[in-house]
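What follows is a set of notes on a single structure, which appears directly below.
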Amino acid sequence: MLWHEYPALNNDICLSVPKPITCETRAADLPDISQLVLCPANCTLWKLSVFGSGVYASISSICGAGVHSGIIGASGGPLEVHKLPGRTSYLSSYAHGIQAQELSRWTTSFTVASSSPMEVSSQTSSSAIPPPGSEDFYLVADCQVDIALILDSSYHIGHRRFNLQKNFIGRLAAMLKVGPDGPRVGVVQASETPRIEFYLGNYSMPKDVMFALKETAYIGGNTNTVLILCIGKAILHTVRNFFNPDYGVRRGHPRIIVAFVDGWPSDNLEDAAVMARESGVNVFVVTVAKPIPEEMALVRDQDFMKKAVCKDNGFFTMTMPSWFSTNKFVKPLAQKVCSVDQLLCSKTCYNSVNLGFLIDGSSSVGDTNFRLVLNLLMAIARNFDISEIGSRVGAVQFTYDQRLEFGFNENTRKDDALRAIQNIPYMSGGTATGDAITYTVENLFQPRTVGIGKKFLIIITDGQSYDDVRGPAIAAQREGK
């Protein structure tokens, strides 16, 4: 592809081939006032430092600012960086999965702009690019997702707030421009027992969805069990029964559950969340009217939002103060569900697996090559969402002997897991791969430590084993590895 000219924020700048940078490269690290850079993929998986909104402090990650501004997504891409004078204040905001922090003062600033490979006339100017905060900047486009909306229909919410909830969902459907070639929505009610009201394929236009919502009757629940709201049960029911190709689900389109909770759920959401992640469903939770202090003792799990959503990073949760002031939340929620690059649970392999590394530490490998192997394993692990509710990593090193380096429960943060891999000391010795496989199955993949997700064992070895490998490998496969 010929990259010959790029649009710029003023007529005097001409940029050429983008310079590759890392996710953590700061604007302060660039030598030029204006420069075209290329961000790598998967920067959204890292905790990036970003200060400011629209105009960023130069100590910010360039790629983080690009994601925050909505110009690039998880797949990375080119950005134009333009340095500016410093400011006395930088505002904080949350956008596209990135939390930008406030900063009181910094010496230099910068902005980022889109840089698609195209020819641009001499009339290109800053007025051609909508600034952050403008209406055009936040338009939802090419939003092809399948959404199940779980309504709170418990006795706790009552008729009036239930109808306000339906009004909010109607406005959301209109904002999304529901249609055959765009997003599709269906509705599930949650109370003591979940009930599917309509599927994705039933209504293809916003006015039809709003009519169907108008006809949706309030369930209410048992008045003797006022606090029963089985959201976990509703999520399980939706994953198992709603997302069915016979009912309008489209192959290859992201699948989303948005669960509305007026108060708090009365059941366990953790198992439901795991099944949703393993099934490739992105769960959002929108809470309204938090429990008052006197009610907190009745809340079964005060961290239910963190455990229920696809990923506990702030992107998959939203809190509204009441059903009487929801207009300003319609657009942010529409933007979230349409931010396809941020829907991490669509990539099921990366989110809920138990990844075991079996590493050859024999003398034939050598210390230098052993370090190269560890670098390879770190590169593999870096692509997974390693967390307490996501994927987990464990490692065993072997020669004639075996050594459990760390188990699945020991490093549940990505940085910790990468550091643990990097710090594995080289053993040196003979090679007994078969015994090592048996040891790993029995000691690493223990039922009490392994997560609910699928189990994978990656074996790195440089030569022939002195023992039988076929038998232990077959036994491991039978165990589900």
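Keep in mind it's a predicted model, so treat the numbers as computed, not measured. Here, residue 1 is the first one in the sequence, and each next residue gets the next number.
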Spatial distance of atom CD1 (Ile98) from atom CD (Gln342) [nearest 0.5 Å]: 7.0 Å

Under 3.5 Å: donor-acceptor pair, side chain of Asn354, backbone of Val393: no

Under 3.5 Å donor-acceptor, Asp416 side chain and Arg413 backbone: no

Pair Val55-Leu84, side chain to side chain contact (heavy atoms under 4.5 Å, CB included): steps then yes or no: CA-CA 9 Å; Val55 176; Leu84 300 170; 4.3 Å; yes

Phe324/Arg160 under side chain to side chain contact (heavy atoms under 4.5 Å, CB included): CA gap, chis, key distance, verdict: CA-CA 10 Å; Phe324 300 95; Arg160 187 183 184 192; 3.6 Å; yes

Residues, nucleotides or ligands: over 12 heavy atoms within 6.0 Å of Glu24 CD: no

Parallel, tilted or perpendicular: ring planes of His159 versus Tyr218, cut at 30 and 60 degrees: perpendicular

Whether Ser53 side chain and Leu91 backbone form a donor-acceptor pair below 3.5 Å: yes

Side chain to side chain contact (heavy atoms under 4.5 Å, CB included) between Ile219 and Phe162, intermediate numbers included: CA-CA 10 Å; Ile219 294 177; Phe162 180 76; over 6 Å; no

Phe110 ring center within less than 6.0 Å of Tyr56 ring center: yes

Pairwise side-chain contact, Asp415 with Trp46, heavy-atom cut-off 4.5 Å (strictly under): yes

Whether Glu278 side chain and Met275 backbone form a donor-acceptor pair below 3.5 Å: no

Interatomic distance, Asn423 atom CG to Glu405 atom CD [nearest 0.5 angstrom]: 10.5 Å

CZ (Arg87) with more than 12 external heavy atoms under 6.0 Å: no

Main-chain N/O of Thr287 paired to Thr319 side chain as donor or acceptor, under 3.5 Å: no

Rounded distance (nearest 0.5 Å) linking atom NE2 of His68 with atom OG of Ser60: 10.0 Å

Of Lys306, Lys311, Met305, Lys336, the residue whose pairing with Thr317 passes side chain to side chain contact (heavy atoms under 4.5 Å, CB included): Met305

Pair Gln422-Arg371, side chain to side chain contact (heavy atoms under 4.5 Å, CB included): steps then yes or no: CA-CA 8 Å; Gln422 186 180 35; Arg371 294 297 144 198; over 6 Å; no

SG-SG distance Cys63 to Cys43 under 2.5 Å: no

Pair Arg255-Asn282, side-chain hydrogen bond (donor to acceptor under 3.5 Å, both in side chains): steps then yes or no: CA-CA 6 Å; Arg255 300 174 184 182; Asn282 299 269; over 6 Å; no

Under the side chain to side chain contact (heavy atoms under 4.5 Å, CB included) test, residues paired with Pro254 that sit two or more places apart: Val145, Val340, Leu343, Ser346

Nearest-0.5 Å distance that lies between atom CG in Leu355 and atom CD1 in Ile458: 4.5 Å

Parallel, tilted or perpendicular, as decided by the 30° and 60° cut-offs, for the rings of Phe168 and Phe260: perpendicular

SG atoms of Cys23 and Cys39 less than 2.5 angstrom apart: no

Atom pair CD1/CG of Ile59 and Asp29 - distance to nearest 0.5 Å: 11.0 Å

Pair His82-Thr111, side-chain donor/acceptor within less than 3.5 Å: no

Parallel, tilted or perpendicular: rings of Phe198 and Tyr203 (30°, 60°): perpendicular

Gap separating the OG1 atom of Thr25 from the CG atom of Leu30, nearest 0.5 angstrom: 7.5 Å

Under 3.5 Å: donor-acceptor pair, side chain of Glu197, backbone of Gln189: no

